Amino acid sequence: MAGPATTDVRAARLRRLAGGVVRTKRTRSDLAYYGGTPGFAEDIRVGTPNVPAKDRYLELVGEAIDRRWLSNLGPLVRRFEALAAERTLRAHNTATNNATTALQVAVKACGVTGEVIMPSFTFVASAHAMDWIGLTPVFADVDPETGTLDPRSVAKAVSPRTGGILGVHIWGNLCDTAGLDDVAREAGVPLVFDSAQAFGCLPLRPAPAGAAEVFSFHATKILNCFEGGLVATDSAEVHARVRSMHNFGFDETMDVVGPGTNAKMNESSAAMGIASVEHLDDMLKVYRALYTRYRTGLADVPGVSLMAAPQGQTHNHQYVVVRVDPEAAGLDRDRLMAVLDAENVRTKKYFSPGCHTMPPYRRETVHTPVDLSVTETLTERVLALPTGLSVTPDDVDRICDVIAAAVRYA
Ligand SMILES: Cc1ncc(COP(=O)(O)O)c(C=O)c1O
């Protein structure tokens, strides 16, 4: 009879055969795409909201209702800003209603004008936020390993019309901030960061360059406020302009001193932010563990690799993104997505298509002065897999098993 040691060896061999995970899809026809039973009875999705402390949220929002202070820079917003500051390590932090308007406030407060060089490989909000306030997105290419804005490509895109540079810390991968800072200084324009996906990430190298950065607390982000955002800066002047601009151009005495919009966070969103940020470290642990589990589970699957997390930074692992090499995997990203979809695993093509191919930004000579071949390749190859508080390690094993089988039977 097989003892525990033998069983372990056999299990390990099975795991290896199955590409790092125990097989549940043993034949091609076990895959739902080819007629088998879906691996998940219910949808498992990218971006299911995290609600780590429902009771705490209800307690805080109850307090706001009782005090009848629901918006207009209330005590919960102030508390949330203080807690967020501990994470951004920036001197000044202003909570907002979302990151899209926060980006607009931030670039205006930093004096960005005319053309803004930014990646096409980002969520369309980065480009729309600029375009909506009369700035012109000019797209540069990204680094093939990290997916972040490549300073060499930015340098090629600089022209006399350049009025700012917007780096995007895509998937929580921090840009080459020093490289972008060099290009921005040389061009004499402000550098702003779209850190929508990077809350909880920190550079371990010296303080990041850039006049301001913007975080998102949308429902799908690691930390959510239902909807919410934050402008963080070390500049007292930029901060003063952000405070005023995000509140109709008012100053402390409620005189209108400049242009403004309504980008204020409300108390209910701040309550959710406080309740969630109190659990951020635990959440980060969960995300890190799931990322590691995926890495192990996919280690032996040919042609499907996790996008690299850059060295020298702490990472939130809020997105687990694989890159599918169709030659090595025997199937392309879209087919893998369809195979997972049949199993009720809802993945996302983050970020495809590139912004430069979308109708508002298709005018090549205006928006695309430089080669975007890395962007073109990545948009065809990347796929974000489910992670977060609603995903278990066992779910990850089963998703890896489906991916391994999809490649095996491609
Ligand atoms: C890179 C990036 N920029 C901007 C945004 C816009 O954020 P929000 O939904 O808070 O307006 C998002 C959000 O999804 C994003 O991922």
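The first residue of the sequence shown is numbered 1, and numbering continues consecutively from there. Please read all numbers here as calculations on a predicted model, not as lab measurements.
Residues His356 and Glu376 bring a donor and an acceptor atom of their side chains to less than 3.5 Å of each other. Defined by atom type and a distance below 3.5 Å, a donor-acceptor pair is missing between the side-chain atoms of Asp143 and Thr148. At a cut-off of 3.5 Å, with distance as the only test, no side-chain donor of Thr220 or Asn224 sits close to an acceptor on the other residue. A donor-acceptor contact closer than 3.5 angstrom is absent between the side chains of His239 and Asn93.
Put simply, the side chain of Ser235 gets close to the backbone of Val238: a donor and an acceptor are under 3.5 Å apart. Counting only distance, with no hydrogens or angles, the side chain of Thr314 and the backbone of Leu202 share a donor-acceptor pair below 3.5 Å.
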Quick one, Tyr287 with Asp282, criterion side-chain hydrogen bond (donor to acceptor under 3.5 Å, both in side chains). Give me CA distance, side-chain angles, the key distance, then yes/no. CA-CA 9 Å; Tyr287 277 79; Asp282 291 338; over 6 Å; no
Under the side-chain hydrogen bond (donor to acceptor under 3.5 Å, both in side chains) rule, what do Tyr57 and Ser268 come out as? Steps first, then yes or no, please. CA-CA 8 Å; Tyr57 162 69; Ser268 174; 2.9 Å; yes
side-chain hydrogen bond (donor to acceptor under 3.5 Å, both in side chains), that's the test. Do Asn266 and Ser71 meet it? Break it down for me. CA-CA 5 Å; Asn266 66 59; Ser71 189; over 6 Å; no
Between Arg333 and Glu380, is the salt bridge (Lys or Arg N to Asp or Glu O under 4.0 Å) condition met? List the steps. CA-CA 7 Å; Arg333 186 271 314 274; Glu380 282 169 15; over 6 Å; no
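Comment: Glu63 does not engage Arg68 in a salt bridge, judged by the lack of any side-chain N to carboxylate O separation of less than 4.0 angstrom. Ionic pairing of Asp401 and Lys25 is not present here: no N-O contact between side-chain nitrogen and carboxylate oxygen is shorter than 4.0 angstrom. Taking a cutoff of 4.0 Å between a charged side-chain nitrogen and a carboxylate oxygen, Asp394 and Arg398 qualify as a salt bridge. Ion pairing between a basic and an acidic side chain is recognised when a charged N comes within 4.0 Å of a carboxylate O; Lys349 and Asp334 show such pairing. With salt bridges taken as basic N to acidic carboxylate O contacts below 4.0 Å, one links Arg87 and Asp281. A salt bridge links Arg90 and Glu213; the closest N-O separation between the charged side-chain nitrogens and carboxylate oxygens is under 4.0 Å.
Leu385 approaches Leu340 most closely through the heavy-atom pair CD2-CD1, 4.1 Å. Heavy atoms only, all atoms of each residue included: Cys201 and Gly172 are closest at SG-O, 3.4 Å. Minimum interatomic distance between Val407 and Leu331 (heavy atoms only, all atoms of both residues): CG2-CD2, 3.9 Å.
Asn97 is not listed as a side-chain neighbour of Ser269, based on a closest heavy-atom distance of 4.5 Å or more. Between Asp325 and Arg381, the closest side-chain pair of non-hydrogen atoms falls below 4.5 Å. Within the 4.5 Å cutoff, the side chain of Leu298 has heavy atoms near those of the Leu306 side chain. Annotation: side chain of Asp194 is not in contact with side chain of Phe123 (no heavy-atom distance under 4.5 Å). Under the 4.5 Å side-chain criterion, counting only non-hydrogen atoms from C-beta, Asn50 is in contact with Met283. Residues Val339 and Asp341 form no side-chain contact, since every pair of their non-hydrogen atoms from C-beta on lies 4.5 Å or further apart. Two residues are said to be in side-chain contact when any heavy atoms from C-beta on lie closer than 4.5 Å; Phe40 and Ile399 meet this criterion.
To the nearest 0.5 Å, the span separating CG on Leu83 from CZ on Arg78 amounts to 14.0 Å. Interatomic distance, Arg79 CZ to Glu267 CD, rounded to the nearest 0.5 Å: 9.0 Å. Rounding to the nearest 0.5 angstrom, the gap separating the CG atom in Leu230 from the CD atom in Glu81 is 7.0 Å. For the atom pair His128 NE2 and Leu103 CG, the distance stands at 12.5 Å (nearest 0.5 Å).
Between Trp171 and Phe121, the ring planes are perpendicular. Angles over 60° get that label, and only those under 30° would be called parallel.
Taking a 6.0 Å sphere around CZ of Arg67, one finds it holds more than 12 heavy atoms contributed by other residues, nucleotides or ligands. Shown here is Arg243, whose CZ atom has more than 12 heavy atoms of other residues, nucleotides or ligands within 6.0 Å. Dense packing is recorded around NZ of Lys264, with more than 12 heavy atoms of other residues, nucleotides or ligands lying under 6.0 Å away.
Tyr319 has its ring centre no less than 6.0 Å from the ring centre of Tyr291. Aromatic ring centroids of Tyr361 and His367 lie under 6.0 Å apart. Checked against the 6.0 Å centroid threshold, Phe217 and Phe199 count as a close aromatic pair.
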